[in-house]
Amino acid sequence: MADKMYCNVCGRELHMKNGILLEDAFEARKEWGYFSNKDAKMHSFTICEECYDKFVSTFAIPLKETDVTEL
């Protein structure tokens, strides 16, 4: 259980209480395999919603968005 969590882009500390994240954030984890320059490495990062919105706005092909009926 993490005591603190930060956005890897802007460095802002995300709002947490008792180890629970009180705002949503994008969390990514990639285990690199063969045919990359990062074989057998694990990369992970967290991006706050504001930085995520800025990031995806730079995509040449827009992301696919679908509605979720159950949370």
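One-based numbering along the sequence shown.
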Inset, instruction - Establish whether Tyr6 and Leu21 are linked, either directly or via other cluster members, by ILVMFWY side-chain heavy-atom contacts under 4.5 Å. - result: no
Enumerate, atom names and distances included, each donor-acceptor pair closer than 3.5 Å involving a side-chain atom of residues 34-44, sequence neighbours excluded.
unit_1	atom_1	unit_2	atom_2	d
Ser36	OG	Gly33	O	3.0
Ser36	OG	Lys38	N	3.0
Ser36	OG	Asp39	N	3.4
Ser36	OG	Asp39	OD1	3.1
Asp39	OD1	Ser36	N	3.4
His43	ND1	Trp32	NE1	3.3

Inset, instruction - Look up atom CG in Leu22 and atom CD1 in Ile20, then write down how far apart they are to the nearest 0.5 Å. - result: 7.0 Å
Inset, instruction - Spell out, yes or no, whether Val9 and Tyr52 are grouped together once hydrophobic residues are joined by side-chain heavy atoms under 4.5 Å, including indirect joins. - result: yes
Legend entry - Heavy-atom donor-acceptor pair, Asn8 side chain to Ile47 backbone, under 3.5 Å: no
Legend entry - Contact summary for Met16 and Asp3, nearest pair of heavy atoms: SD-O, 4.1 Å
Legend entry - Within 6.0 Å of CD in Glu23, more than 12 heavy atoms from elsewhere: yes
Inset, instruction - To the nearest 0.5 angstrom, please state how far the CZ atom of Arg29 sits from the CZ atom of Phe45. - result: 12.5 Å
Legend entry - Nearest heavy-atom neighbours spanning Cys48 and Cys7: N-SG, 3.3 Å
Legend entry - Spacing of Met5 atom CE and Thr46 atom OG1 [to the nearest 0.5 Å]: 4.5 Å
